[in-house]
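Because the structure is a prediction, the values reported are computed rather than measured. Chain letters run A, B, ... following the sequence lines, proteins first and then strands; every chain starts at 1.
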Amino acid sequence: MAKNTPKAIRGTQDIFGSDAEAFSHVVETFERVRKLYRFRRAEMPVFEKTEVFARAIGETTDVVSKEMYSFEDRGGESLTLRPEFTAGIARAYLTNGWQQHAPLKLATHGPLFRYERPQKGRYRQFHQIDAEIIGAAEPQADVELLAMADQLLRELGISGVTLQLNTLGDGETRGAWRAALIEYFSKVRGDLSEDSQERLEKNPLRILDSKDRRDKMFLADAPKIDEFLSDEAGIFFEEVKSGLDAAGVEYKRAESLVRGLDYYRHTAFEFIPDEGSAAADALGAQSTVLGGGRYDGLMESLGGPATPAVGWAAGIERLAMLVDLEKAQGNDHWVVAVVPVGDAAYIEAQKIASELRSNSIICEMAFRGNVKKRMQKAAAAGARFSLIIGEDELANGVVTVRDMATGEQATMRRNWIPQGVFDLFFENDAAKEQGDEVAPLSERLRANS
RNA sequence: GCGAUCGUAGUUCAGUUGGUUAGAACGCCGGCUUGUGAUGCCGGAGGUCGCGGGUUCGAGUCCCGUCGAUCGCCCCA
């Protein structure tokens, strides 16, 4: 290790190789799916006045005091690297007059920052994809948002993950339920874990997802949100559920799924790995794959008009851990390596490489070392065919085609590139689809040799 | 913020109760061989053992501190 080289910041990561490919695949899939639902792309600054996040999240929580990356700029203003997308999007919505586009479907992705202790699937700089529908009070917005999330996970090939769905009701419902929970847990206060005794003061809803055995025995008999649900809130939830049924989105009611912050109303949801699934093993204690809810109270906390909104976010790194890269790279096999032999052949090889790439064929040029090294490079690049060009080929106006799977070789007329290469791949794929054997290479190239 | 485990070539690791010159595999570079990879042979480079201090005749090994990693707790917007 280089002694004098600065190290990366704690909790940051350099992503490379198959991890980087999986990461990129998640983002590309998100971009494709969000367009299907006509969510519009937005880019926001990665930092804002600290106030934006402090007011959105609520000054009281230690989230603000301890877990944000805040600093003073040269003018003495407190700035914060964004710990989430929603507050910045809300600020942008209000300051840019995006009300005129309401209901506005927005999608974005990028880095976020939280000053936390790193652990499995949890970093100080991490990355999320994010989707929001702003200015829509209708349950249909929740359904559309969830349908997109569900389709995204399916297209990523992620299985063993279930949508956990709950309602927090409207403001009235939430207040009554909260009061009932405080009353219930206060009676058994002395038997709760130390952490939960503290939660009773600061954040009573959170007792419901305590991991402590001492708390768990009281959870079954705790007051249920349904007992306090107002008629309006009950109807809203029913409409979300029937909409999800119609959209073919499977879900499970999760009565104890809560949100700590007061501005959350109605729908709250998380996609969580099923117990014992491969996904659960892969993610450790950080199990939520995608989560969100309706935050009808947020805009007002930033000084805007009451504006209903619903959204979700998902960690790209976590999704990337669950992606099956083999499947993800299904179309990446049209790879060719061009292998020049001798200096004279290099110029012609470079022309060939350019022609192939211009025609969307993935091409690696092996230009270093002896022929053996170049063939090794070709194989390492995953080439299905190598195009070898040396003095003989130059003289005869051909290239030598090598099938890297079978070792067969035959010549192809130089001026048949790139069409001839395209044909080889096309025939291979067609044969594979039909379950047929392909003819020997020499036969396939006879007409063009 | 708290707890546990761990830091040795580029990577994954071995390294005996503290003992001479710290090893292997893979990777990398070169040669056999600029005309053949997946599947040959030969050679080479690369480490102040995370960093600092201590104990000792002697520390990769033991002790303290520190930084980092991993896993969990708290928190989770």
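No donor-acceptor pair under 3.5 Å is formed between the side chain of A/E408 and the backbone N or O of A/S442.
For A/Y263, there are no ring-ring contact (aromatic ring centres under 6.0 Å, His included) partners two or more places apart in sequence or in a different chain. Evaluation of the salt bridge (Lys or Arg N to Asp or Glu O under 4.0 Å) rule for A/R402 yields no partner, not counting sequence neighbours. Residues satisfying the ring-ring contact (aromatic ring centres under 6.0 Å, His included) test with A/F422, not counting sequence neighbours, are A/W334. For A/S186, the side chain to side chain contact (heavy atoms under 4.5 Å, CB included) test picks out A/I182, A/L200, with sequence neighbours left out. With sequence neighbours excluded, the residues forming a side chain to side chain contact (heavy atoms under 4.5 Å, CB included) with A/N415 are A/R413, listed by chain and number. Qualifying salt bridge (Lys or Arg N to Asp or Glu O under 4.0 Å) partners for A/E355, counting only residues two or more places apart in sequence or in other chains: A/R414. Considering only residues two or more places apart in sequence or on other chains, A/E144 meets the salt bridge (Lys or Arg N to Asp or Glu O under 4.0 Å) condition with A/K105.
A/Y264 comes within contact range of the sugar-phosphate backbone alone, with a heavy-atom separation under 4.0 Å but no base atom that close. At the heavy-atom level, A/R199 lies under 4.0 Å from the strands shown only through sugar-phosphate atoms. Within 4.0 Å of A/G11, counting heavy atoms only, lie sugar-phosphate atoms of the nucleic acid but no base atom.
The listed nucleotides are B/rC74, B/rG72, B/rU34; the one nearest the side chain of A/N370 is B/rU34. Side chain of A/R122, nearest nucleotide from B/rG35, B/rC75, B/rG1: B/rC75. For A/R374, the side-chain atoms get nearest to B/rU34 when compared with the rest of B/rG72, B/rG68, B/rU34. The A/D392 side chain lies nearest to B/rG35 when the options are B/rG1, B/rG35, B/rA77.
Shortest non-hydrogen contact noted between A/I9 and A/Y69 is CG2-OH, 4.3 Å. Of all non-hydrogen atoms in A/M412 and A/V401, the two that sit nearest each other are CB-CG2, 3.8 Å.
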What dot-bracket string describes RNA chain B from 5' to 3', counting Watson-Crick and G-U wobble pairs whose defining distances are under 3.5 Å, with [ ] for crossing pairs and | for pairs to another strand?
(((((((..((((.....[...)))).(((((.......))))).....(((((..]....))))))))))))....
Write out a two-atom table: protein N or O, nucleotide N or O from nucleotides 36-40 of chain B, distance below 3.5 Å.
{"unit_1": "B/rU36", "atom_1": "O2", "unit_2": "A/R402", "atom_2": "NH1", "d": "3.2"}
{"unit_1": "B/rU36", "atom_1": "O2", "unit_2": "A/Q409", "atom_2": "OE1", "d": "2.9"}
{"unit_1": "B/rU36", "atom_1": "N3", "unit_2": "A/Q409", "atom_2": "OE1", "d": "2.7"}
{"unit_1": "B/rU36", "atom_1": "N3", "unit_2": "A/Q409", "atom_2": "NE2", "d": "3.3"}
{"unit_1": "B/rU36", "atom_1": "O4", "unit_2": "A/Q409", "atom_2": "NE2", "d": "3.1"}
{"unit_1": "B/rG37", "atom_1": "N7", "unit_2": "A/R402", "atom_2": "NE", "d": "3.2"}
{"unit_1": "B/rG37", "atom_1": "N7", "unit_2": "A/R402", "atom_2": "NH2", "d": "2.6"}
{"unit_1": "B/rG37", "atom_1": "O6", "unit_2": "A/R402", "atom_2": "NE", "d": "3.3"}
{"unit_1": "B/rG37", "atom_1": "O6", "unit_2": "A/R402", "atom_2": "NH2", "d": "2.9"}
{"unit_1": "B/rG37", "atom_1": "N1", "unit_2": "A/M404", "atom_2": "O", "d": "2.4"}
{"unit_1": "B/rG37", "atom_1": "N2", "unit_2": "A/M404", "atom_2": "O", "d": "2.9"}
{"unit_1": "B/rG40", "atom_1": "N7", "unit_2": "A/K372", "atom_2": "NZ", "d": "3.0"}
{"unit_1": "B/rG40", "atom_1": "O6", "unit_2": "A/K372", "atom_2": "NZ", "d": "3.1"}

Check nucleotides 42-44 of chain B against the protein and report each pair of N or O atoms closer than 3.5 Å, with its distance, or say if there are none.
none

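Of the P atoms belonging to B/rU21 and B/rU36, the separation is 46 Å, rounded to the nearest Å. Taking atom P in both B/rC42 and B/rA24, the straight-line distance is 15 Å, to the nearest Å. Separation of the P atoms belonging to B/rG50 and B/rG15 is 15 Å when rounded to the nearest angstrom. On the P atoms, B/rG3 is 15 Å away from B/rC74, given to the nearest whole Å.
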Which atom pairs, one a donor and one an acceptor, fall under 3.5 Å between side chains of residues 363-371 of chain A and the rest of the protein, sequence neighbours left out?
{"unit_1": "A/N370", "atom_1": "OD1", "unit_2": "A/K372", "atom_2": "N", "d": "3.2"}
{"unit_1": "A/N370", "atom_1": "OD1", "unit_2": "A/K373", "atom_2": "N", "d": "2.9"}

Can you give me every donor-acceptor pair (side chain of residues 379-394 of chain A, partner residue at least two apart or in another chain, under 3.5 Å) with its distance?
{"unit_1": "A/E393", "atom_1": "OE1", "unit_2": "A/G390", "atom_2": "N", "d": "2.9"}
{"unit_1": "A/E393", "atom_1": "OE2", "unit_2": "A/T400", "atom_2": "OG1", "d": "2.6"}

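Between A/R117 and A/I389, the residue anchored closer to the 5' end of RNA chain B is A/R117, taking for each the nucleotide with the nearest heavy atom.
For B/rC29, the OP1/OP2 oxygens have a side-chain nitrogen or oxygen of A/R368 closer than 4.0 Å. Residue A/R114 places no side-chain N or O under 4.0 Å from the OP1 or OP2 atom of B/rA77. Taking only side-chain nitrogens and oxygens, A/Q119 never comes nearer than 4.0 Å to OP1 or OP2 of B/rC71.
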